[in-house]
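Accompanying notes for the structure given below.
The shown structure was predicted, so the numbers you read here are calculated from the model rather than taken from an experiment. This chain uses plain numbering: 1 for the first residue, then up along the sequence.
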Amino acid sequence: MARSLDTCMSVFDRARDLVKVYDGMEEDEKNKDLLRSSVVLAVSGFDRYFTHRFTDILSSHLKRKNPSKDLIEVLERAGVNLAFVLKLVAQQKARPFRTIRNKVQPSLFRLTTQQTSEIDKLFNKVGIHGLTGRVQSQCGKKLLIKRINHAVLRRHKIAHESDLNSHYKPNDLSPNTVNKWIDALEEYVVIADGIVGEHE
């Protein structure tokens, strides 16, 4: 198992553990913040996985193929410009592609890759087109992408609006819903990892 996938699975386990803690507590609205924390944690693991996985395959992609215009823009925004490359050549670095990856990685971690559309845009840059559609096709579950998008939108509501409704009351959330969201996030990641692995 690739390190990025292994790390992601451990984050999902942590998120599920929060649901288990909630299940062992008495019914109280305040305790539902454990479920909200679980959603935030699971979606952040999902986001982290895709930025890390992209950097995992960046070096091998650059070795095998000419970078697309979109990928060149990503590299240049990260500081991998002509001056940087010329300096690499002059220094005759033993692993120039690793140096490039290490230069790009911090800027990618500032990206948000929670929405499936953003994941698709990112992986298009390294020649992996229609990742979400391919995941959907392989899993054969109509609700998978819908559940992921619900989890991501709920994470935004929790993080940016304290998960409050228009009456300033917390929105309801059930452990069953949270577990379904985590399962969907995990299934998407596992299938996507297999697809991305074909391009390494």
Dump the intermediate steps for side-chain contact (heavy atoms from CB on, under 4.5 Å) on Asn124 and Asp70, then the final yes or no.
-> CA-CA 9 Å; Asn124 274 341; Asp70 286 345; 5.9 Å; no

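- Heavy atoms only, all atoms of each residue included: Ser4 and Tyr49 are closest at O-CD1, 3.6 Å.
- More than 12 heavy atoms of other residues, nucleotides or ligands lie within 6.0 Å of CG in Asp28, so this atom counts as buried by the packing criterion.
- The distance from atom CG of Leu164 to atom NE2 of His167, rounded to the nearest 0.5 Å, is 12.0 Å.
- Thr177 and Ser174 share a donor-acceptor pair across their side chains, judged by distance under 3.5 Å alone.
- A side-chain donor-acceptor contact under 3.5 Å links Asn171 to the backbone of Asp163.
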For the pair Trp181 and Asn149, evaluate side-chain contact (heavy atoms from CB on, under 4.5 Å) and give the outcome as yes or no after the intermediate values.
-> CA-CA 9 Å; Trp181 287 346; Asn149 290 331; over 6 Å; no

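- Residues Arg36 and Glu29 are paired through a salt bridge, judged by an N-O separation under 4.0 Å between the basic side chain and the carboxylate.
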side-chain contact (heavy atoms from CB on, under 4.5 Å) assessment of Arg48 paired with His52 | CA-CA 6 Å; Arg48 183 187 190 280; His52 278 77; 3.3 Å; yes

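- Nearest heavy atom pair, residue Tyr188 against residue Phe46, reads CD2-CE1, 3.7 Å.
- The aromatic rings of His160 and His156 sit tilted relative to each other, their planes meeting at an angle between 30° and 60°.
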Kindly list each side-chain donor-acceptor pair under 3.5 angstrom involving residues 14-22, sequence neighbours excluded, with atom names and distances?
| unit_1 | atom_1 | unit_2 | atom_2 | d |
| --- | --- | --- | --- | --- |
| Arg16 | NH1 | Glu186 | OE1 | 2.8 |
| Arg16 | NH2 | Asp183 | OD1 | 2.8 |
| Arg16 | NH2 | Glu186 | OE1 | 3.0 |

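- Residues Ala78 and Val104 approach most closely at CB-CA, 3.8 Å, considering heavy atoms.
- Among residue pairs with one or both ends in residues 187-197, those qualifying as salt bridge (Lys or Arg N to Asp or Glu O under 4.0 Å) are Arg53-Asp193, Lys141-Glu187; sequence neighbours excluded.
- Here Arg3 does not pair with Asp56 in a salt bridge; the nearest charged N to carboxylate O distance is not below 4.0 Å.
- Between Leu144 and Cys139, the shortest heavy-atom contact is CD2-SG, 3.5 Å.
- When all heavy atoms of Gln115 and Val152 are compared, the closest pair comes out as NE2-CG1, 3.5 Å.
- Considering every non-hydrogen atom in both Ala151 and Val39, the closest pair reads O-CG1, 3.7 Å.
- Leu71 has its side chain within reach of Leu62: a pair of non-hydrogen atoms, C-beta onward, lies under 4.5 Å apart.
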